[in-house]
Structure formats: C-alpha cells, structure tokens
A.B. asks: 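One structure, as structure tokens, below. Some questions next.
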There are 2 protein chains.
Amino acid sequence: MQLSTPPGLQAIPSTCRGREVLDRVGDKWSLQVIAVLGERTLRFGQLRREIDGISQRMLTVTLRNLERDGVLTRKMYPVMPPRVDYALTPLGKTLLEAAGAFMTWAEAHVEQIDEARSAYDAKAESQAEQA
Amino acid sequence: MQLSTPPGLQAIPSTCRGREVLDRVGDKWSLQVIAVLGERTLRFGQLRREIDGISQRMLTVTLRNLERDGVLTRKMYPVMPPRVDYALTPLGKTLLEAAGAFMTWAEAHVEQIDEARSAYDAKAESQAEQA
DNA sequence: CGGGATCCCGTAGGATACTG
DNA sequence: CAGTATCCTACGGGATCCCG
C-alpha cells in the first residue's frame with residue numbers, strides 16, 4: 001500500500017511503523033504526562049496532582065513506558081522519604097511539539113466535530129421515528 | 001491546570017477537549033482509514049482490501065464514527081449490488097494533514113525509540129540477574 | 001456488495017491494600 | 001513519598017453467520 005501523495009495533502013506514511021508510536025503515546029494518559037512535564041521537571045506526587053483523574057497505578061505504568069521509550073528520564077534520590085524527579089528528554093520535547101501541533105488542531109476543530117455529531121444524531125433520530 | 005508555555009515548547013492545551021478528539025481518532029483504525037481516503041474516494045470493499053488486517057465489522061464502525069464526526073462522507077447508490085462511496089470532507093483533509101505531521105514525526109523517531117527500548121530492557125535484564 | 005446481529009475474548013485501566 | 005501487588009470490570013475488537 002504505497003501512497004502517492006495527492007497535491008496539497010500530506011500523506012500518512014503507511015509503512016506505518018508510526019502506528020506503533022501512536023499505540024504507545026495514544027493511550028489515555030501519555031500525552032497528558034508529557035504535556036505537564038513540558039512545563040517543568042516534576043515529582044511523582046506533583047504529577048499525580050496535576051493530572052486530574054489518573055490513578056497512581058496508571059501514572060506509574062505510563063511513566064515506566066515513556067521512560068523505556070526514551071521520552072522522559074527518571075531520577076531517584078536515595079533519601080527518606082523517597083524522592084523521584086521526572087523530566088522530558090530532548091526526544092520527549094520534540095514529541096511534545098509534534099503532538100502539540102496535533103492537539104492544537106484538535107482543540108481548534110472540536111466544536112466543528114461536536115456540531116457534525118449533533119447533526120448526525122438528529123438525522124439518525126428523525127429517521128428512527130419513521131419506523 | 002493552566003499551562004504557561006515555556007520558551008520554545010509548544011504546549012498541549014490542557015483544557016484538553018482535544019483528548020476527546022484523540023479518543024476518537026487515536027483508535028486502531030481511524031488514521032489508516034483517513035490515510036487511504038486521502039488518496040482518493042473509495043468503496044467499502046476497496047477500503048477493506050487497502051487496509052491490511054481490518055475486519056469488516058471494524059471498518060464499518062470506524063467509518064460510521066468518522067462520518068458522524070464529519071470527517072468523511074458516505075454516499076450510497078441504490079443499485080444492485082449495492083455501492084457505497086467514502087470520501088474525506090474538507091475537515092477530514094485538514095485532519096489528515098495535522099495527523100500526517102505527527103505520524104511523520106513518529107516515523108522519523110521510531111528507530112530512536114527502538115534503541116531506547118532495547119537499552120532499557122538490557123539494563124533491566126542485567127539488574128534482574130543480580131537477584 | 002455492504003453491511004447488521006451475536007458471541008466471545010484479551011486487555012486497558014480503576015479500586016484497594018500493602019511496603020521500603 | 002513513591003511505588004508494587006491483586007483483583008475486577010468495561011469495552012475494544014476479532015470471528016462468524018445472516019440479510020437485502
């Protein structure tokens with residue numbers, strides 16, 4: 001499946017190793033973690049409080065995966081009580097920018113999507129009552 | 001959680017209605033459907049054949065969702081055998097471009113991520129055998 | 001051909017409890 | 001504080017069969 005990019009349209013490279021990346025970063029929490037770490041280095045508990053609704057389990061899992069992918073670093077201080085700092089790597093920062101551009105698109109069009117959704121649902125409903 | 005965009009880093013707008021969009025388009029098949037439709041209008045069966053591994057069920061639900069969101073149009077011809085054409089809307093084309101930029105980033109860095117992963121796993125393994 | 005209806009399963013991810 | 005360990009459920013998504 002080779003894409004012959006039509007004029008004016010950027011193709012999604014469909015060798016699609018890119019999907020693997022999306023599988024990793026497209027989950028429920030990764031982008032939000034990356035977003036808040038884009039601001040500054042944070043500790044575990046700070047992340048937990050900044051990211052609304054995340055469980056400590058999912059925060060741990062998400063952080064481990066992103067660390068494994070080289071997106072962020074984990075720095076542990078052997079003190080009591082324990083302290084761990086998380087920060088984006090250079091790779092993570094480029095990811096933030098790339099994803100940010102997409103999320104900006106999403107923000108810009110979410111309203112338009114809502115309208116399309118309402119219109120679709122209204123039409124579907126009016127057709128349902130004909131039965 | 002308001003983001004004060006640090007210098008040089010594009011923030012992910014964390015009002016994060018954008019997550020809803022990602023929830024929709026970040027699933028297993030949506031981007032691939034959008035990608036192949038970026039080339040040209042296609043019929044159901046053509047889509048099915050172009051997108052490797054998709055089941056007809058998932059193709060149907062994916063198409064319905066994207067139609068509902070105003071990303072693509074569904075045109076039915078009342079003939080026998082049935083014929084249905086799918087095409088991107090203008091909204092869908094802007095989505096393709098935004099997502100394409102992100103996927104391009106993913107393609108560009110997937111190798112770097114693989115390396116990070118290998119390094120991480122190797123280190124984790126060497127630490128495991130110390131126990 | 002282009003689906004809808006069912007059945008079924010794996011897994012992402014939430015809640016809770018315990019630990020160094 | 002920053003996790004790890006279990007348990008449990010909802011749901012994404014595959015396989016299969018049927019229908020206009």
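Here is the naming used below: chain letters follow the sequence lines, and residue numbers restart at 1 for every chain.
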A.B. asks: Would you say the side-chain atoms of A:Gln112 pair up with the backbone N or O of A:His109, donor to acceptor, closer than 3.5 Å?
C.D. replies: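 No: the side chain of A:Gln112 does not pair with the backbone of A:His109.
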
A.B. asks: Using modelled atom types only, decide if a donor and an acceptor are shared between the side chain of A:Ser30 and the backbone of A:Gly26 within a distance under 3.5 Å.
C.D. replies: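 Such a contact is absent between A:Ser30 side chain and A:Gly26 backbone.
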
A.B. asks: Do side-chain atoms of A:Thr89 reach the backbone of A:Val71 as a donor and acceptor pair under 3.5 angstrom?
C.D. replies: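 Looks like yes, one N/O pair under 3.5 Å.
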
A.B. asks: Inspect the contact between B:Asp121 and B:Arg117 and indicate whether a charged nitrogen and a carboxylate oxygen are less than 4.0 angstrom apart.
C.D. replies: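 The answer is no: the pair does not qualify as a salt bridge.
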
A.B. asks: When the distance from CZ of B:Phe44 to P of C:dG2 is rounded to whole Å, what number comes out?
C.D. replies: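 So the two atoms are 7 Å apart, to the nearest Å.
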
A.B. asks: Grouping I, L, V, M, F, W and Y whenever their side-chain heavy atoms are under 4.5 Å apart, do B:Ile54 and B:Phe44 come out in a common cluster?
C.D. replies: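 Yes, it is one cluster - the side chains of B:Ile54 and B:Phe44 are joined through contacts under 4.5 Å.
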
A.B. asks: Within the side chain of B:Glu107, is there an N or O that forms a donor-acceptor pair under 3.5 Å with the backbone of A:Gly18?
C.D. replies: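 Judged by distance alone, yes, a pair lies under 3.5 Å.
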
A.B. asks: Where along residues 59-74 of chain A does a heavy atom fall under 4.0 Å from DNA chain D?
C.D. replies: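 When residues 59-74 of chain A is checked for heavy atoms under 4.0 Å from DNA chain D, the hits, listed by number, are A:Thr60, A:Arg64, A:Arg74.
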
A.B. asks: How long is the line joining CZ of A:Arg83 and C1' of D:dG3, in whole Å?
C.D. replies: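 A:Arg83 atom CZ is separated from D:dG3 atom C1' by 16 Å.
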
A.B. asks: Under a 4.0 Å threshold between the charged nitrogen and the carboxylate oxygen, would A:Arg17 count as salt-bridged to B:Asp114?
C.D. replies: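 Yes, charged N to carboxylate O under 4.0 Å.
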
A.B. asks: How close or far is atom P of C:dG2 from atom CD of B:Gln46, stated in whole angstroms?
C.D. replies: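 Atom-to-atom, B:Gln46 to C:dG2, this comes out as 8 Å.
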
A.B. asks: Can you check each nucleotide of nucleotides 10-20 of chain D against protein heavy atoms at under 4.0 Å and return B for base, S for sugar-phosphate only, - for none, in 5' to 3' order?
C.D. replies: ---BBBBB--B

A.B. asks: Once salt bridge (charged side-chain N to carboxylate O under 4.0 Å, His left out) is applied, do any residues pair with B:Arg83, and if so which ones, sequence neighbours excluded?
C.D. replies: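 Partners of B:Arg83 by the salt bridge (charged side-chain N to carboxylate O under 4.0 Å, His left out) criterion, ordered by chain and then number, come out as B:Asp85.
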
A.B. asks: Mind calculating the distance between CG (A:Asp85) and C1' (D:dG3) to the nearest angstrom?
C.D. replies: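 Rounded to the whole Å, the gap is 15 Å.
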
A.B. asks: Categorize B:Tyr86 for me: base, sugar-phosphate, or nothing, with a 4.0 angstrom heavy-atom threshold over every strand shown.
C.D. replies: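 Answer is sugar-phosphate: B:Tyr86 comes under 4.0 Å of backbone atoms only.
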
A.B. asks: Could you check how far CZ of A:Arg43 sits from P of D:dG3, rounded to whole Å?
C.D. replies: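 One finds 10 Å between P of D:dG3 and CZ of A:Arg43, rounded.
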
